[in-house]
Protein chains: 2
Amino acid sequence: MLAVSTSPYAGHMLTRRYHHGDLRATLLVAAEEMLREKGVAALSLRELARATGVSHAAPSRHFKDKQALLDALALVGLERMAGILEGASAPDGASLHERFTTLARAYLDFAVHNAELLELVFARKHDPDVSDQLSAAGERMVLTIVRPITDAQAAGELVEGDPWSIGLALGASLHGIAAFTANGTLSPEAAIASVDEVVKHLLYGLIPR
Amino acid sequence: MLAVSTSPYAGHMLTRRYHHGDLRATLLVAAEEMLREKGVAALSLRELARATGVSHAAPSRHFKDKQALLDALALVGLERMAGILEGASAPDGASLHERFTTLARAYLDFAVHNAELLELVFARKHDPDVSDQLSAAGERMVLTIVRPITDAQAAGELVEGDPWSIGLALGASLHGIAAFTANGTLSPEAAIASVDEVVKHLLYGLIPR
DNA sequence: ACCTGAACACCGTTCAAGT
DNA sequence: ACCTGAACACCGTTCAAGT
């Protein structure tokens, strides 16, 4: 577990860190693991320290309190999700329906496999320290939903109207299905099937044409 | 605080309870208050006992552990919500659009004013003890959404298709907006405005007619 | 700079004992 | 039947002290 790294203040000098090459990163990885296994409520700093082989007071050097760790975890999750959604594009020449279904499935797939992490992302209170980075990542994520909408509107394929409002309609549906999956109302399989149905209903409407 | 009540085993005998007429009910009321003020994470059994003027071990006579209290609270919340939705009907002769908007606003209104309680209702794990009552109340609630759908389908006002699937589309949208409001993404006012927009989009569809 | 060990004030849960 | 008081094993946070 001992790592050799260059000192931050003397590039030519080799120095041994006390216990870890990067305790902060190690803690974040272990915390995400614990989060996935046992949920937020059961995530304890002391147990995390034990699992990392470090004293219970050590994490406080990197995270001023438990909330700071959760915030950092939320940031990791949000940035990862934004990246995934940015990379989730339907094949060239795909129809509007296909493009939205692809996006929706990517969202739901992430939500199903990272339920606890996603809950953290959407949690009520974050320290102001990370809130700037969180909103930046949040904006990236929201844009992956809003941009396809403005594009489709420009092509006359979608109704006119505030694209943010339309994005909210889509985002709320996806978030709702994700929540129903996270709490067991919907099985993961049922959720995947549902998301296609919901996108269809949203695109074509519930009132007969 | 001393209450006089009939003993459960001798109707003709007056008896004084030790401290409370009904500690269980008192605890539930105080717990909901604490939940609303400070959130689930800050709800402590010991503080609850202090606020109720009882020893910290007393609640365990009525709730075997903290989860049992949260479950009981969830049941209260779900039954109240089911009652509210059952009572939320648009005036006679209201259009389909008006009927669904009325229902959606009632859901959102409850969600905004009982955010923490609703979170408990939709929480991941409940003890099997209450799960029967919870599913009964849950079914009542779901029916307030599904019944208007089957009614409208019978009248030819709504597309054919599994009413549960259509109900899920509506329910997921509402739940999503409620979640965005609970976590501060949407202000309560914006949420009320959004819900009307979302219902409109869902009814008429995002693809131009 | 980074971590340890002890200390403090809180938890939830259990259990003999009181009324 | 209902509640108390003490005890136990856990927390998160802080802080002097070690390397």
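Labels below follow one simple rule: chain letters A, B, ... track the order of the sequence lines, proteins then strands, and each chain is numbered from 1.
Going from atom CZ of A:R24 over to atom C1' of C:dC2 covers 15 Å, rounded to whole Å. Following rounding to the nearest Å, A:F63 (CZ) and C:dC3 (C1') show an atom-to-atom distance of 15 Å.
A side-chain N or O of B:S173 and one of A:S173 form a donor-acceptor pair less than 3.5 Å apart.
Contact annotation: the side chain of B:D71 never approaches that of B:D129 to less than 4.5 Å [non-hydrogen atoms, C-beta and beyond].
Considering every non-hydrogen atom in both A:L186 and A:S194, the closest pair reads CD2-OG, 4.0 Å.
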*Watson-Crick and G-U pairing of DNA chain C, under 3.5 Å, as dot-bracket with | and [ ]*: ||.|||||...|||||.||

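Within a 6.0 Å sphere centred on CD of A:E86, heavy atoms belonging to other residues, nucleotides or ligands number more than 12. Remark: A:K38 NZ is loosely packed, at most 12 non-hydrogen atoms of other residues, nucleotides or ligands lying under 6.0 Å away.
A tilted orientation is assigned to the rings of B:F180 and A:F122, their planes being inclined by 30° to 60°. The aromatic rings of A:Y204 and A:H97 sit tilted relative to each other, their planes meeting at an angle between 30° and 60°.
Under 4.0 angstrom from either OP1 or OP2 of C:dC2 there lies no side-chain N or O belonging to A:H62.
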*In the 5'-to-3' direction, what one-character label does each nucleotide of nucleotides 6-15 of chain C receive under the scheme B = base within less than 4.0 Å of a protein heavy atom, S = sugar-phosphate only, - = no such atom?*
BB---BBBBB

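A:R147 CZ to A:L103 CG: the interatomic distance, rounded to the nearest 0.5 Å, is 11.0 Å.
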